[in-house]
Chemist: 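Dropping the structure in here first, questions after.
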Amino acid sequence: MENSKIKSPKQLAPAINLDDPQVLGIIIAIFVVLITVVVFVLWRRKKAARRGILIMGLSDSGKTLLFSQLLHNKYVQTHTSVKENIDEYIAGNGSLKVIDIPGHERLRGKFFDEYKAIARGIVYVVDSVTFQKDIRDVAEFLYTLLSDVVVANNCPPVLILCNKQDQTMAKGCSVVKSLLEKEMNMLRMTKSSQLESTNETDNNNVFLGKREKDFEFAHLHPIRVDFAESTGVSTDEEKSAELESLEKWLMQIA
């Protein structure tokens with residue numbers, strides 16, 4: 001009786017014919033799926049690391065009052081902030097770190113640079129009563145935020161919250177949006193002309209919108225810009241119903 005030879009695993013495994021287009025297609029498909037899974041996992045981890053919600057805007061726009069109502073469900077007398085306010089906001093099954101950034105022009109840039117890398121979203125608060133008087137400053141600060149290279153790379157959604165709607169002279173969000181787009185368009189033209197005249201090549205800011213077209217917030221894709229209204233006024237016993245739009249927006253991006 002002849003001893004049968006034991007076959008190696010290599011001999012037992014069927015030969016893979018890489019010249020077969022069907023086999024090659026399957027291998028490529030598996031490779032693509034694996035790469036997609038890896039990229040998705042890394043993206044989710046990076047997104048999870050960005051839990052910050054930055055509340056920004058000019059001084060006296062009502063940021064700190066909104067922060068107090070949103071996080072502590074109470075109305076407080078506020079004054080111009082000189083440091084950030086930070087607290088956790090529970091949204092669904094997770095939490096977000098809400099950061100109220102001081103609006104003073106000498107402080108806001110410093111705190112924005114400190115926290116912009118962790119921004120999951122940005123709430124830009126506008127005083128709807130003084131908006132037309134302050135429109136240049138409102139637009140310029142917003143332009144600075146949106147054209148920042150870190151914001152452009154991370155693409156956090158932005159909510160422009162038209163505050164103090166309970167007051168008679170307040171402008172609605174549709175009016176604020178229309179006037180802001182016109183002012184941002186003029187601002188973009190001015191800044192582009194300045195760069196051309198100085199031959200500046202090391203500018204880190206990105207171009208906003210579409211070239212050769214008037215500025216529109218819709219052109220900032222993939223950054224999504226939404227508009228909503230709020231009153232910023234409530235009693236200590238109950239949170240203003242006007243904050244519902246802000247809370248729904250936070251739930252969407254949590």
Side-chain angles (χ1 to χ4, degrees), residues 49-91 94-131 134 137-146 148 150-151 154 156-167 170 173 176 225-236 238-254:
R50 292 189 286 112
R51 296 192 307 113
I53 301 297
L54 309 187
I55 300 182
M56 309 196 70
L58 303 186
S59 292
D60 301 322
S61 58
K63 302 183 305 300
T64 302
L65 179 54
L66 283 167
F67 175 88
S68 177
Q69 290 179 300
L70 180 68
L71 277 301
H72 305 295
N73 194 24
K74 64 181 181 179
Y75 177 92
V76 295
Q77 293 292 336
T78 62
H79 52 81
T80 302
S81 303
V82 295
K83 65 177 183 177
E84 76 274 48
N85 296 301
I86 305 176
D87 210 334
E88 294 288 323
Y89 177 80
I90 304 302
S95 65
L96 298 168
K97 180 181 290 186
V98 181
I99 306 164
D100 169 29
I101 302 291
H104 194 284
E105 59 183 350
R106 294 184 180 179
L107 299 173
R108 61 197 185 204
K110 167 194 169 184
F111 287 105
F112 174 60
D113 288 341
E114 182 176 350
Y115 292 108
K116 63 186 178 183
I118 66 166
R120 174 76 67 89
I122 298 174
V123 179
Y124 190 76
V125 184
V126 175
D127 185 333
S128 303
V129 178
T130 62
F131 170 69
D134 299 331
D137 293 335
V138 172
E140 187 152 13
F141 186 26
L142 180 60
Y143 190 98
T144 299
L145 301 182
L146 294 175
D148 184 88
V150 175
V151 172
N154 291 339
V158 176
L159 176 66
I160 298 179
L161 196 60
C162 304
N163 199 24
K164 304 184 182 180
Q165 289 294 315
D166 54 304
Q167 298 190 32
C173 62
V176 171
V225 179
D226 295 315
F227 282 75
E229 298 179 350
S230 67
T231 63
V233 175
S234 71
T235 64
D236 287 345
E238 62 178 1
K239 189 181 299 183
S240 171
E242 294 297 334
L243 282 181
E244 289 182 3
S245 56
L246 173 57
E247 292 184 309
K248 288 179 181 179
W249 183 83
L250 290 172
M251 289 291 293
Q252 291 174 359
I253 69 172

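Just so you know, these numbers use all the heavy atoms, side chains as well, and skip hydrogens, waters and symmetry mates.
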Chemist: Going through the distances and angles, do Phe67 and Val125 end up as a side chain to side chain contact (heavy atoms under 4.5 Å, CB included)?
Modeler: CA-CA 11 Å; Phe67 175 88; Val125 184; over 6 Å; no
Chemist: Roughly how far apart are Glu114 CD and Leu54 CG, rounded to 0.5 Å?
Modeler: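 Reported value, rounded in 0.5 Å steps: 10.5 Å.
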Chemist: Tell me every residue that passes salt bridge (Lys or Arg N to Asp or Glu O under 4.0 Å) with Asp137, counting only those two or more places apart in sequence or in another chain.
Modeler: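 Testing Asp137 for salt bridge (Lys or Arg N to Asp or Glu O under 4.0 Å), a comparison that skips the adjacent residues, returns none.
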Chemist: If you round to the nearest 0.5 Å, how far is CG of Leu71 from CG of Leu66?
Modeler: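 Interatomic distance, Leu66 CG to Leu71 CG, rounded to 0.5 Å: 11.0 Å.
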Chemist: Given side chains that start at C-beta, do those of Ile53 and Arg120 come closer than 4.5 Å, heavy atoms only?
Modeler: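 A side-chain contact under 4.5 Å exists here.
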Chemist: Please round to the nearest 0.5 Å and tell me the distance separating atom CD of Glu105 and atom CD of Glu140.
Modeler: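 Between atom CD of Glu105 and atom CD of Glu140 there are 10.0 Å.
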Chemist: Strictly below 4.0 Å, N to O, side chains only: are Lys63 and Asp100 in salt-bridge contact?
Modeler: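 Salt bridge flag = no for Asp100 with Lys63.
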Chemist: Could you walk me through whether Asp226 and Ile160 pass the side chain to side chain contact (heavy atoms under 4.5 Å, CB included) check?
Modeler: CA-CA 6 Å; Asp226 295 315; Ile160 298 179; over 6 Å; no
Chemist: Is there a donor-acceptor contact under 3.5 Å from the side chain of Ser128 to the main chain of Asn163?
Modeler: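 Answer holds: yes.
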Chemist: Is the shortest heavy-atom distance from the side chain of Val138 to the side chain of Leu142 under 4.5 Å?
Modeler: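 Not touching, per the 4.5 Å side-chain cut-off.
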Chemist: Which atom names give the shortest non-hydrogen contact between Arg108 and Pro102, and what distance separates them?
Modeler: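 Heavy-atom minimum between the residues: CB-O, 3.2 Å.
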Chemist: Minimum heavy-atom separation for Ser245 to Leu161, with atom names?
Modeler: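 Looking at all heavy atoms of both residues, the closest pair is OG-CD1, 4.4 Å.
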Chemist: Atom OH of Tyr124 and atom CG of Leu159: how far apart are they, to the nearest 0.5 Å?
Modeler: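 Spacing of OH (Tyr124) from CG (Leu159) equals 13.0 Å.
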Chemist: Looking at Ala91 and Leu250, what are the two nearest heavy atoms and their distance?
Modeler: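 Heavy-atom minimum between the residues: CB-O, 4.5 Å.
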Chemist: Does some side-chain heavy atom of Ile55 sit less than 4.5 Å from a side-chain heavy atom of Ile101?
Modeler: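 Heavy-atom side-chain distance check fails, nothing below 4.5 Å.
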Chemist: What's the separation between atom CG in Leu107 and atom CD in Glu84, rounded to the nearest 0.5 Å?
Modeler: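 Reported to 0.5 Å precision, the distance equals 10.0 Å.
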Chemist: Step by step, would you call Lys97 with Ile86 a side chain to side chain contact (heavy atoms under 4.5 Å, CB included)?
Modeler: CA-CA 7 Å; Lys97 180 181 290 186; Ile86 305 176; 3.6 Å; yes
Chemist: One thing to verify: whether Lys116 and Asp113 come together as a salt bridge, which I'm taking to mean a side-chain N less than 4.0 angstrom from a carboxylate O.
Modeler: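 Salt bridge present between Asp113 and Lys116.
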Chemist: If you look at every heavy atom in Cys162 and Phe227, which pair is closest and at what distance?
Modeler: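 Reported closest heavy-atom pair: SG-CD2, 4.3 Å.
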Chemist: Applying side chain to side chain contact (heavy atoms under 4.5 Å, CB included), run through Thr64 and Asn85 and close with a yes or a no.
Modeler: CA-CA 8 Å; Thr64 302; Asn85 296 301; 3.8 Å; yes
Chemist: Are Val151 and Phe112 close enough that some pair of their side-chain heavy atoms sits under 4.5 Å apart?
Modeler: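 Touching, per the 4.5 Å side-chain cut-off.
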Chemist: Minimum heavy-atom separation for Pro156 and Ile122, please, with both atom names.
Modeler: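 That would be CG-CD1, 4.3 Å.
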Chemist: Could you work out, with salt bridge (Lys or Arg N to Asp or Glu O under 4.0 Å) as the rule, every residue matching Asp87, not counting sequence neighbours?
Modeler: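 If we apply the salt bridge (Lys or Arg N to Asp or Glu O under 4.0 Å) test to Asp87, skipping adjacent residues, there are no hits.
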Chemist: Should Ile118 and Arg51 count as side-chain neighbours, where that means a heavy-atom distance under 4.5 Å?
Modeler: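 Side-chain contact under 4.5 Å: no.
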Chemist: Check Asp127, Thr231, Thr130 against Lys164 for a side chain to side chain contact (heavy atoms under 4.5 Å, CB included) and give me the one that passes.
Modeler: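 When Asp127, Thr231, Thr130 are each tested with Lys164, the side chain to side chain contact (heavy atoms under 4.5 Å, CB included) holds only for Asp127.
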Chemist: Check for a donor-acceptor pair, side chain of Ser59 on one end and backbone N or O of His104 on the other, with a separation under 3.5 Å.
Modeler: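 Present.
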Chemist: How close do Ala228 and Cys173 get, counting heavy atoms only, and between which atoms?
Modeler: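 Nearest heavy atoms, Ala228 then Cys173: O-CB, 4.2 Å.
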Chemist: Using 0.5 Å steps for rounding, measure from the CD1 atom of Ile99 to the CE atom of Met56.
Modeler: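 Taking CD1 in Ile99 and CE in Met56, the distance rounds to 10.0 Å.
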